Engineer: 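One structure, pasted below without further comment.
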Amino acid sequence: MDKICLIIALCFALCCHGLEKNLNRDNPGLLTAQTRCGVLTCEERIVDINNSGRAKGLFSSIVSLKIFKRNTNKGELGIILGSVSTETPNLTLVTNHAKIFGVLDDKQAKIQVELFKPHDCQSDYSCQTLGVDSQGKKLSSIITLTQQGQTRSPVDIERWIDDKLEQIERSVHDVTESWNNFVLQYRIDHRLTSLQDQIELLETKKKVETEHTSLIAKISGRMGQIGSELQESLSNTILFFAREEQDNIPDNSQGCKEIGGDLATTVTAFLGSMNRGFGQIRDSAHENLLALAKQIKSINESVVSTNASLLKALNTTSSSQHKESHVDSNVKDNHKQIISGLKDIVSEVDLKVVIVFQTIMMDLFRPKVCEKGMVAALSHVSYPYPVIYPSSESKFQFPYLCDSLADAGGWIVIQRRSTGNVDFHRTWVDYRNGFGYLDDDFWLGNDNIFAITRTGKYELRVDLRYQGKSAFAQYSQFSVSSELSKFTLRVENYSGTAGNSLSYHNNCAFTTFDRDNDPKEENCAARHRGGWWFNQCDTSNLNGDWRSDNDRGMEWDGFVDPLQSVDFSEMKIRKVG
């Protein structure tokens, strides 16, 4: 998660012996045709024998693993979403609502479901495992996930506050009505109790004002601290840039000069934005205090009016001891409700101040565009790369990663392979829409690459590493056509240290194992295990199997042997001019 982005992440995990099930929701870094709201995983491991000779786990062999979406009828597992078994050990299924992947081998059974519909992420699910234990007995294991309620939105909180105030006003009105219905003679000592409650109410008001004054002071101190941290972060970014460029480019002096020249202007702009943001927080907190004071004043007026009616009744009527006691009890209950309501209001106002503060800080430090010479003050977990989210200033309506360091920065990352956590042997639809995670391995998507390169002239940079050695290839012209033209590649004018291994693929259409557009008789994507702009077949293919040799890995023939695989790659593009 971006260090400064407010992203809410909820994780539910239940375990039954070896069976594990969890649902991770709302990952903002996912790249798909539509926003993914969660990932559901069911996993069952085979029984293991520990050092003492005892079996750990439930199953010694697994026959099948199934995942169900539960319906409202109790006692039923519901609709089956997917399954793996000894007859069908592998599962790959893509729909408009979900992507389902499954595998069953001699060590475990696992099914993973990527969910895209919000109501699916709020549904209940079950996992069922059938197998045999270490004594040969047939066993069945079922585990269920029941969703929890969601956090109220700020609009719901404000509506709740209004309802609470209405309840308090109705309570005061009802008590007043009850007083008017009684003919009573009220003793002076009972008035002391009412006055004591009013004193407690005023003390509560004073405490609320003190707490909010303290909150403003804390925010002010924190803003000063953030200003110091920002300047230190900018300095560290410049130093990191210089070191990174020294490893990859023989002469990086111009890039450093551009960054250094913009530093003072950037610091001044950020500090000015921080002061404006703090002013908004201060104004919001002040408005909350005024609103709260107005509410307390209204309640005080209601209490005074009620007490006036009570004194009038004292001077004109008489009543029994029983009625007198009943009214006294109502007075105490009424004041307790008022005080309780005020405490609830104070809690909700504090929450609103925190939400306003977080929103302002996120908008303040999040980069809005990716351009040459930019300085990223705060970045994503994949530091030093920030994530650019859709906004009024952004040209593209999808999130993307921005390399702010290499060659003065401004590079939109379209491909990264660094961990091997994401399978790149994918369908045409997957490569069209994009897949993976911005803080891990990913492909931005051919539709998105086309949307970017159609806006002007772009250059391409490819960064590679193999066994600790780094190299790069740069092309002054790069573009990808639309799907109607099969995402055809245009690339020209090589420079760099990695060798020119992409020009061979110039003017080639994109090919996947299920969409053969290469000129060779066989399907090159099926043979080389990844989508690419294949010719006859390749001199480069950075989407091959992770660290696989035998001409099926991540190839760049100008840098490593064709039968070897690089262990890191990043493809990134930047607008020229």
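Note that this is a predicted model, so its numbers are computed, not measured.
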Engineer: Looking only at heavy atoms, which two atoms of V387 and L438 are closest? And how far apart?
Structural biologist: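 Closest approach of V387 to L438, heavy atoms only: CG1-CD1, 3.8 Å.
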Engineer: With a 6.0 Å cut-off (strictly less than), is the heavy-atom count around CZ of R552, excluding the residue itself, greater than 12?
Structural biologist: no
Engineer: Shortest non-hydrogen contact from F442 to Y437?
Structural biologist: CD2-O, 3.3 Å
Engineer: Which heavy atom of L65 sits nearest to which heavy atom of I111, and what is that distance?
Structural biologist: O-CD1, 3.3 Å
Engineer: Hey, does the Lys NZ or Arg CZ of R426 hover above the aromatic six-ring of F435, less than 6.0 Å from the centre and inside 45° of the axis?
Structural biologist: yes
Engineer: Closer than 3.5 angstrom, by distance alone: can the side chain of Q564 be matched with the main-chain N or O of D549 as a donor-acceptor pair?
Structural biologist: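 Such a contact is absent between Q564 side chain and D549 backbone.
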Engineer: Dump the intermediate steps for side chain to side chain contact (heavy atoms under 4.5 Å, CB included) on F68 and Y125, then the final yes or no.
Structural biologist: CA-CA 6 Å; F68 299 85; Y125 297 88; over 6 Å; no
Engineer: Could you tell me whether D403 and K572 have a side-chain N and a carboxylate O separated by less than 4.0 Å?
Structural biologist: yes
Engineer: Is a side-chain donor or acceptor of R574 paired with a backbone partner of G409 at a separation under 3.5 angstrom?
Structural biologist: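 Checked: pair present.
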Engineer: I'd like to know if the side chain of T511 and the backbone of N517 have a donor-acceptor N/O pair within less than 3.5 Å.
Structural biologist: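 Checking the backbone N and O of N517 against the side chain of T511, a donor-acceptor pair under 3.5 Å is found.
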Engineer: Hey, what do you get for NZ (K520) to CG (D538), rounding to the nearest 0.5 Å?
Structural biologist: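 The distance works out to 10.0 Å.
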Engineer: Specify the closest pair of heavy atoms between W411 and L460, including all atoms of both residues, with the distance to one decimal.
Structural biologist: CZ3-C, 4.1 Å
Engineer: Is the shortest distance from a Lys or Arg side-chain nitrogen in D567 or R417 to a carboxylate oxygen in the other one below 4.0 Å?
Structural biologist: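 Salt bridge: no.
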Engineer: Between R465 and S470, is a side chain to side chain donor-acceptor pair (under 3.5 Å) present by the stated rule, with each step listed?
Structural biologist: CA-CA 4 Å; R465 285 201 295 266; S470 299; 4.8 Å; no
Engineer: If you round to the nearest 0.5 Å, how far is CD1 of I414 from CD1 of I452?
Structural biologist: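 Result: 8.0 Å between the selected atoms.
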Engineer: Side chain of S64, backbone of S85: donor and acceptor closer than 3.5 Å?
Structural biologist: no
Engineer: For a side chain to side chain donor-acceptor pair (under 3.5 Å) check, start with the C-alpha distance between Y389 and Q397, then their side-chain angles and the critical distance, and finish with the verdict.
Structural biologist: CA-CA 8 Å; Y389 291 91; Q397 298 307 307; over 6 Å; no
Engineer: Do the side-chain N and O atoms of S60 and D133 include a donor-acceptor pair separated by under 3.5 angstrom?
Structural biologist: no
Engineer: Can you tell me if R547 uses its side chain to pair, donor with acceptor, with the backbone of G420 under 3.5 Å?
Structural biologist: no
Engineer: Inspect the surroundings of NZ in K69 and state if more than 12 heavy atoms from other residues, nucleotides or ligands are less than 6.0 Å away.
Structural biologist: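 Yes - once you tally the heavy atoms of other residues, nucleotides and ligands closer than 6.0 Å, there are more than 12.
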Engineer: Is the cationic atom of R529 (NZ for Lys, CZ for Arg) positioned less than 6.0 Å from the six-membered ring centroid of F424 and within 45 degrees of its normal?
Structural biologist: no
Engineer: A quick test of your reading: do over 12 heavy atoms of other residues, nucleotides or ligands sit less than 6.0 Å from CG of N550?
Structural biologist: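 Atom CG in N550 is not packed in, count stays at 12 or less.
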Engineer: Do L542 and M571 pass the side chain to side chain contact (heavy atoms under 4.5 Å, CB included) test, and can you show the C-alpha distance, the side-chain angles, and the key distance before you say yes or no?
Structural biologist: CA-CA 9 Å; L542 297 178; M571 300 176 63; 4.0 Å; yes
Engineer: Side chain to side chain contact (heavy atoms under 4.5 Å, CB included) for F59 and L130? Distances and angles first, verdict last.
Structural biologist: CA-CA 9 Å; F59 297 94; L130 300 178; over 6 Å; no
Engineer: Below 4.0 angstrom, N of the basic side chain to O of the carboxylate: do R527 and D551 qualify?
Structural biologist: yes
Engineer: Rounded at 0.5 Å granularity, tell me how far OG in S481 sits from CZ in R454.
Structural biologist: 11.5 Å
Engineer: For the backbone of A498 and the side chain of W556, can you confirm whether one donor and one acceptor N or O come within less than 3.5 Å of each other?
Structural biologist: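 Side chain of W556 to backbone of A498: a pair is present.
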Engineer: Tell me, please, whether F487 has R432 positioned over its six-membered ring: NZ or CZ under 6.0 Å from the ring centre and within 45 degrees of its axis?
Structural biologist: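 Ring-cation test returns no.
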Engineer: Run the side chain to side chain contact (heavy atoms under 4.5 Å, CB included) test on F472 and V462 for me, step by step, so that the C-alpha distance in whole Å, both residues' side-chain angles and the decisive distance to 0.1 Å come before the verdict.
Structural biologist: CA-CA 5 Å; F472 77 98; V462 181; over 6 Å; no
Engineer: When you look at Y431 and W443, which way does the ring-ring contact (aromatic ring centres under 6.0 Å, His included) test go after all the steps?
Structural biologist: CA-CA 7 Å; Y431 272 98; W443 178 261; 5.6 Å; yes
Engineer: Would you call the rings of W532 and H505 parallel, tilted or perpendicular if under 30° counts as parallel and over 60° as perpendicular?
Structural biologist: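 W532 vs H505 ring planes: perpendicular.
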Engineer: Evaluate the ring planes of F396 and Y400, with Trp represented by its six-membered ring, and classify them as parallel (under 30°), tilted (30 to 60°) or perpendicular (over 60°).
Structural biologist: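 Judged by the thresholds at 30° and 60°, the geometry between F396 and Y400 is perpendicular.
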Engineer: Using a strict threshold of under 4.0 Å (side-chain N to carboxylate O), is an ion pair present between D407 and R461?
Structural biologist: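 No, R461 and D407 are not salt-bridged.
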Engineer: Do other residues, nucleotides or ligands put more than 12 heavy atoms under 6.0 Å from the CD atom of E521?
Structural biologist: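 Atom CD in E521 is not crowded, with 12 or fewer foreign heavy atoms closer than 6.0 Å.
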